[in-house]
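Basis for what follows: all heavy atoms, side chains included, without hydrogens, waters or symmetry-related copies.
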Amino acid sequence: MLRLAPTLAIAILIGPILFGLIATALPAFGYFPTLGGTSFSFSAFVALFERPGLLRSALLSFSSGLITTFSSLLVVVLFVAGWSGTKVFRRLQHLVSPLLSVPHAAAAFGLAFLIAPSGWIMRLLSPELTGLSRPPDVLILQDAFGLTMMGGLIVKEIPFLLLVTLSALPQSNARQYSQMATSLGYGRIAGFIHCVWPNVYRQIRLAVFAVIAYASSVVDVAIILGPDSPAPLSPRLLGWMNDPDLALRFEASAGAILQLGVTVSALVSWLALEKFFAALQRHYCQNGQRFARDKAVRQIGLISISLATTIVFAGLAILAIWSVAGFWSFPDALPDSFSLRSWARALPGLQQPLWNSVIIALMATSIAVIITLACLEQEVRSGRDGGSRAMLFVYLPLLVPQTGFVFGLQIFFLWLGLDATLFALVFVHLIFVLPYVFLSFSDPWRAFDPRFASVAHGLGSGLNRTFWHIRLPMLLRPALVAFAVGFAVSIGQYLPTVLIGAGRLPTITSEAVALSSGGDRRVIGVYAFLQMAMPFVVFLVAGLVPMLLFRNRRDLKVN
Amino acid sequence: MSKAAPFNDGLQLVDVEISLQGAPLISVSATIGEGEVLTVMGASGSGKSTLLAYLGGFLDPAFEASGQVYLKGKDVIQLPAEARQMGILFQDPLLFPHMSVGGNLLFAVPQSIKGKAGRKALVLEALENAGLADYFNRDPATLSGGQKARIALMRVLLAKPRALLLDEPFSKLDAGRRDHIRQFVFNEARARKLPILLVTHDQADADAAGGEIFHLSGE
């Protein structure tokens, strides 16, 4: 059984992508017998390119991928380079980490409620500073260049990139190298970039690629914050896919192939950027310039990450406030009254989506945790880990744009008669949950001191007993954290949920995004609040269980 | 085919050879009688811990190893680690942090000994023996270094090993405690007639052990 675990994991990670891509490519080239497409042709692509604003959509997606990734990575590098090892760093790190669990859509709604012309920031500044007594007539949200959309993505990608960077630091001897560079007279940032960053970047490269793929093909954030005429590529594709006119599926599939091309181009451009910055770094590394006076740049790093963190937290706060707001006229900073009326009004409608969200997330995450444990235990027993190729497999579902293969997957499930079933939805969530669970748990697992197992074997304890009595309990905390991470990932899934669920298995996330066009802030507040509350509760439980279980075990406490 | 006739009691290493990527690290043949100590000495990196890993059954697959190891006349190398009955003490006591002191010791009592009360009685006796009678419910993290070392030894002995493998188990103790713990370990092991393989780089360990000394030359 255990021996099959790695194969099963690889099948889950690769199989759906492969089938999905094939089932996307066939209709894109005209082949879809059920809809009368029995011969191959380019007509879907011709129709696609005749769509108004298509090039602009593609460009928006492309630039969103690059700009989002570059900006969030820059902030993370400046912050880590300028501040790691300081008290400020530790404090901010603890503040930023929980933001990873906030679903993208909730963060996007929060940002929207903050910066809209009638948003919280304008309310706080008005009328005292702006002199306005009614919302200004400017287009902030859904600006034509997608800047708000990128902003929403950047504040969410910063926590992700920060966490992967932090987990790569110990393997890079960051502290010693930084100190060595400082002792040679280099400024903090220059020392870090020359001596630590190349090593760290090598380890986090796939995660960076995943951000590019995500930001160039995002759907939910684009619907909430992105431009409308035209929208970026992926949300437009979803519109065609859901169109009652089934003939549009050919075009949607052709668009999905185009989306793949856009993401690949963004990745290739990134490789060129990598080359450019590596050359720049080499140049400055060898000409001896110390950049010792980097205080201003360090401040910029600190201010940007603080700003990003504040935006997300303030956004979550304003969502919560709107969900319980009574009457609230424009320039007032807070509503006149608070009431639970919006909750009472939303309650009948949200029970089913809430139940669906929780059950799907619990099932997908439990399966992912079991598969991860089985793979890692098999790794111990066989004495072999998968190496770098296994890492590529783990990252694959995060590197292929969702729109690129989930379309095909939907067709595939349709063909199997499994569309809009709980099974299909759990399965498609599993594809995205498994990588995160594995990535989150494999480091602590591999850091486990193998001598504990040797001692246990020496005491006559076999492999299974050692797993259940020693390894698993000692790693319970990271295992539960991995579970919470997986749960949060599942809760945040939008595109797979609407496509595979076909509207018949709504979740809190799919309902929240659907509400965005209506603009009822109170109801959106309720749904978005629930969206962030669900992962939060699971993280809380994941922290409390080991705390209670091991309350008298000092060595298992986290400081 | 057969090498020297298996020796009926104690631990016997016959032509044990370990190499890493073709480079030989260790080559040793030795016989350790009941209650006797073989001390393997060598600088760090000489591969002395690798020898223990081979005997204990947790050698990293990167190494190639050959040779027979007989424990009371039976070749143990084919057995899985948990069936070899080779107790190991490392540099660190490695008490399981999620269990109480008593829990650590109960974990070691063989499964063949049934009955909660009987198992616990064995543990209490071992605690008494270690001079830590009231420590059953203690968190191992709250023990001193010397106390942890004694519990680690008691844990190994409770599992009824047939040989003891010691990987510099005294090197992290403070000087004042070291002699005391060393004597405690050797006395307990001799009382049970266990063959001991000790690897160390500390001459004082070798002197206290008093047995044969084997020097590893590797750099």
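- Taken to the nearest 0.5 Å, the CG atom of A/Leu556 stands 11.0 Å off from the CE atom of B/Met99.
- In this structure, A/Phe89 places its CZ atom where more than 12 heavy-atom neighbours from other residues, nucleotides or ligands lie under 6.0 Å away.
- Smallest separation of non-hydrogen atoms from A/Arg554 and B/Ala141: NH2-O, 2.5 Å.
- Heavy-atom neighbours of B/Glu64 CD from other residues, nucleotides or ligands within 6.0 Å: above the threshold of 12.
- Highest contact tally toward chain B, considering only A/Gly458, A/Gly462, A/Gly383, A/Ser454, is held by A/Ser454 [criterion: heavy-atom pairs under 4.5 Å].
- Separating the NE2 atom in A/His457 from the CZ atom in B/Phe58 is a distance of 9.5 Å, to the nearest 0.5 Å.
- Neither the backbone nor the side chain of B/Leu165 comes within contact range of chain A, judged by heavy atoms closer than 4.5 Å.
- To the nearest 0.5 Å, atom NZ of residue B/Lys160 and atom CG of residue A/Leu459 are 13.0 Å apart.
- Crowding of B/Glu212 atom CD: a count of heavy atoms from other residues, nucleotides or ligands under 6.0 Å not exceeding 12.
- Residue contact with chain A, scored on non-hydrogen atoms closer than 4.5 Å, is absent for B/Asp60.
- Cation-pi geometry between A/Arg465 and B/Phe107 is met: the NZ or CZ atom falls under 6.0 Å from the ring centre, inside 45° of the normal.
- Of the possible polar contacts, one joining the B/His98 side chain to the A/His469 backbone as a donor-acceptor pair under 3.5 Å is found.
- A/Phe452 touches chain B through backbone and side chain together, each having a heavy atom under 4.5 Å away.
- A 6.0 Å sphere centred on NZ of B/Lys193 holds no more than 12 heavy atoms belonging to other residues, nucleotides or ligands.
- Counting heavy-atom pairs under 4.5 Å between each of B/Ala81, B/Pro140, B/Gly56 and chain A puts B/Ala81 at the top.
- Looking at A/Ala456, the atoms closer than 4.5 Å to chain B (heavy atoms on both sides) sit in the backbone and in the side chain alike.
- Atom CZ of A/Arg175 is surrounded by 12 or fewer heavy atoms from other residues, nucleotides or ligands within 6.0 Å.
- A heavy-atom distance below 4.5 Å is not found between the side chains of B/Asp167 and A/Arg451.
- With a threshold of 4.5 angstrom between heavy atoms, B/Ala83 does not approach chain A through any atom at all.
- Counting heavy atoms of neighbouring residues, nucleotides and ligands inside a 6.0 Å radius, atom CD of B/Glu128 does not exceed 12 of them.
- Among A/Ile470, A/Asp449, A/Asn552, A/Asp555, the residue making the largest number of heavy-atom pairs under 4.5 Å with chain B is A/Ile470.
- Using a 4.5 Å cut-off between heavy atoms, B/Pro80 does not touch chain A at all.
- Side-chain contact between A/Arg553 and B/Ser100 is present, with heavy atoms from C-beta onward closer than 4.5 Å.
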